[in-house]
Peer 1: 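Sharing a structure below in structure tokens format, with a few things to ask.
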Amino acid sequence: MLGNQPIGVFDSGYGGLTVFKSIVKLLPQYDYLYLGDSGRAPYGNRSFNIIHRYTWECVQAMFKMGCPLVILACNTASAKALRTIQQQDLNNQDATKRVLGVIRPTAEVIGNYTTTKEIGILGTKGTIQSESYPLEISKFFPDVKVHQQSCPLWVPLIENGEYDKPGADYFVHQYLDQILAKSSKIDTLLLACTHYPVLHEKIKAYLPNYIRVVSQGDIVAHSLGDYLHRHPEMEKTLTKGAKHQFFTTTDDTSDFDHHATLFFSEPVKSIFLPVK
Ligand code: DGL
């Protein structure tokens, strides 16, 4: 008999719950384990080495708790840590485990949203500086021009509960003005950070109607469904009890639960997991 073998969903904090929500909606039958490294978040401005180390420590903790497959539902971790984990760490440890990110599945489809063939990517400094999106998108849509803008104040605004206050408008408008100034042909804006869907309505309200705002949750969920369909050897190892467990690396679980409920749209009760 199999023990609990959930799908692991990892994020630097609770933002990944916007992606987790879409995954659970599309694939409700599986067991899931969510880990948010909120004790060490935000990752957005951290170095490559630190993001890789933190992410790999968390992924290993999720493997130990039974996850055969972990989704990095964090753009910054996907941009800075995924390649090293896939190409080095997994081979050195357990080649039967799998770790997937959010950038490639998004790059595979984002070109289908634009008619002008110019899109804008909004993300953390780490995600934007990595150039991961322009590189990946060029593989699938070589004719699409990609403009980028980092929005370093959006995650702190959201984490401090200021995102729906009038003061937030100034910073929301500032980064949108900056990316729109890069080209008048942008007709699609990708929210390439798990936190940003919380700002979706505010962003949409500020933009002209012809600009489409795309969040990643549904894209990542469909890509995971497709992956499991193509990999029955992985799919059959996953337990299907529709059980959800939440872990956080912050000892203040009530703070995590409070924020998590906003991102997941359902009450969350987390357990403290010290990771090193
Ligand atoms: N979850 C991260 C992402 O999607 C953003 C939050 C952070 O900076 O830790 O990029």
Side-chain angles (χ1 to χ4, degrees), residues 2-16 19-20 23 30-108 123-133 135-136 139 192-194 216 220 223-224 226-228 230-231 233-239 245-250 273-276:
L2 292 176
N4 192 32
Q5 302 226 86
I7 297 175
V9 179
F10 168 76
D11 184 56
S12 58
Y14 19 71
V19 174
F20 184 40
I23 292 177
Y30 297 103
D31 292 323
Y32 291 97
L33 187 158
Y34 182 93
L35 172 60
D37 195 8
S38 11
R40 303 185 290 191
Y43 278 16
N45 295 330
R46 291 190 187 274
S47 70
F48 174 92
N49 283 341
I50 289 288
I51 294 169
H52 169 248
R53 184 161 64 104
Y54 288 177
T55 305
W56 179 230
E57 284 169 357
C58 288
V59 167
Q60 285 175 292
M62 296 171 94
F63 287 165
K64 278 197 197 120
M65 289 191 286
C67 302
L69 169 68
V70 173
I71 313 300
L72 301 185
C74 174
N75 286 274
T76 312
S78 297
K80 299 266 191 173
L82 182 63
R83 185 187 294 260
T84 313
I85 290 174
Q86 285 178 333
Q87 295 183 354
Q88 290 173 26
D89 303 329
L90 285 179
N91 291 335
N92 295 338
Q93 180 156 347
D94 183 348
T96 67
K97 309 276 195 202
R98 288 288 173 272
V99 180
L100 307 173
V102 291
I103 296 180
R104 192 182 168 99
T106 307
E108 280 176 7
T124 65
K125 214 167 108 191
T127 299
I128 299 305
Q129 284 178 349
S130 75
E131 294 284 324
S132 301
Y133 272 101
L135 276 168
E136 287 297 321
K139 292 179 193 161
C193 172
T194 54
Q216 291 173 295
V220 174
S223 166
L224 175 60
D226 184 51
Y227 174 85
L228 294 175
R230 286 183 290 108
H231 293 273
E233 77 291 351
M234 171 60 74
E235 202 281 337
K236 67 173 188 268
T237 67
L238 301 168
T239 48
Q245 295 170 276
F246 297 89
F247 292 89
T248 169
T249 59
T250 183
L273 180 80
V275 170
K276 249 204 262 102

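Computed from heavy atoms alone, side chains included, the values below leave out hydrogens, waters and symmetry copies. Nothing here was measured: the structure is a model prediction, and the numbers come from that model.
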Peer 1: Hey, could you give me the NZ/CG distance between K236 and L228, rounded to the nearest 0.5 Å?
Peer 2: 12.5 Å
Peer 1: Within the structure provided, determine whether T127 and K80 are in side-chain contact (heavy-atom separation under 4.5 Å).
Peer 2: no
Peer 1: Name all residues meeting the side-chain contact (heavy atoms from CB on, under 4.5 Å) criterion together with P105; count only those two or more places apart in sequence or in a different chain, and write none if there are none.
Peer 2: S223
Peer 1: Going by heavy atoms in the side chains, are V19 and V9 under 4.5 Å from each other?
Peer 2: no
Peer 1: Mind checking what makes side chain to side chain donor-acceptor pair (under 3.5 Å) contact with N45, not counting sequence neighbours?
Peer 2: none
Peer 1: Looking at every heavy atom in both G39 and T249, which two are closest together, and how far apart are they?
Peer 2: N-OG1, 2.9 Å
Peer 1: Quick check: closest heavy atoms across Y43 and Y54, and the distance to 0.1 Å?
Peer 2: OH-CB, 3.2 Å
Peer 1: Among residues at least two apart in sequence or on other chains, which ones pass side-chain contact (heavy atoms from CB on, under 4.5 Å) with T248?
Peer 2: S38, T250, T253, F256, S270
Peer 1: Please identify each residue that fulfils side chain to side chain donor-acceptor pair (under 3.5 Å) with Q86, with sequence neighbours left out.
Peer 2: none
Peer 1: Report yes if the side chains of T76 and T194 come closer than 4.5 Å at any heavy-atom pair, otherwise no.
Peer 2: no
Peer 1: List the residues meeting side chain to side chain donor-acceptor pair (under 3.5 Å) with S78, not counting sequence neighbours, and say none if there are none.
Peer 2: none
Peer 1: Do V99 and F10 have side-chain heavy atoms sitting under 4.5 Å apart?
Peer 2: no
Peer 1: With the side chain counted from C-beta on, respond yes when Q5 and D31 share a heavy-atom pair under 4.5 Å apart, and no when they do not.
Peer 2: no
Peer 1: Kindly assign one of parallel, tilted or perpendicular to the pair F246 and F20, based on the angle between their ring planes and the thresholds 30° and 60°.
Peer 2: perpendicular
Peer 1: Enumerate, atom names and distances included, each donor-acceptor pair closer than 3.5 Å involving a side-chain atom of residues 55-75, sequence neighbours excluded.
Peer 2:
from	atom 1	to	atom 2	distance (Å)
T55	OG1	I51	O	2.6
W56	NE1	Q60	OE1	3.4
E57	OE1	R40	NH1	2.7
E57	OE1	R40	NH2	3.2
Q60	NE2	Q93	OE1	2.9
N75	OD1	Y133	OH	2.5
N75	OD1	Q216	NE2	3.1
N75	ND2	A192	O	3.1
N75	ND2	Q216	OE1	2.9

Peer 1: Ring pair (Phe, Tyr, Trp, His ring centres under 6.0 Å) with F247: which residues, sequence neighbours excluded?
Peer 2: none
Peer 1: Listed by chain and number, what are the ring pair (Phe, Tyr, Trp, His ring centres under 6.0 Å) partners of Y227, not counting sequence neighbours?
Peer 2: H231
Peer 1: Can you tell me how far CG of D94 sits from CG of D89, rounded to the nearest 0.5 angstrom?
Peer 2: 12.5 Å
Peer 1: Report the distance from atom CE of M234 to atom NZ of K97, rounding to the nearest 0.5 Å.
Peer 2: 8.0 Å
Peer 1: Using a 3.5 Å distance criterion without hydrogens, assess whether the side chain of S12 forms a donor-acceptor pair with backbone atoms of D37.
Peer 2: no
Peer 1: Could I get the full list of side chain to side chain donor-acceptor pair (under 3.5 Å) partners for Y32, not counting sequence neighbours?
Peer 2: none
Peer 1: Can you tell me how far CD1 of I85 sits from CG of N91, rounded to the nearest 0.5 angstrom?
Peer 2: 12.0 Å
Peer 1: Apply side-chain contact (heavy atoms from CB on, under 4.5 Å) to Q87 and list each qualifying residue two or more places apart in sequence or on a separate chain.
Peer 2: R83
Peer 1: Who pairs with N49 by side-chain contact (heavy atoms from CB on, under 4.5 Å), at least two apart in sequence or on another chain?
Peer 2: S47
Peer 1: Who are the salt bridge (Lys or Arg N to Asp or Glu O under 4.0 Å) partners of E136, not counting sequence neighbours?
Peer 2: R104, K139
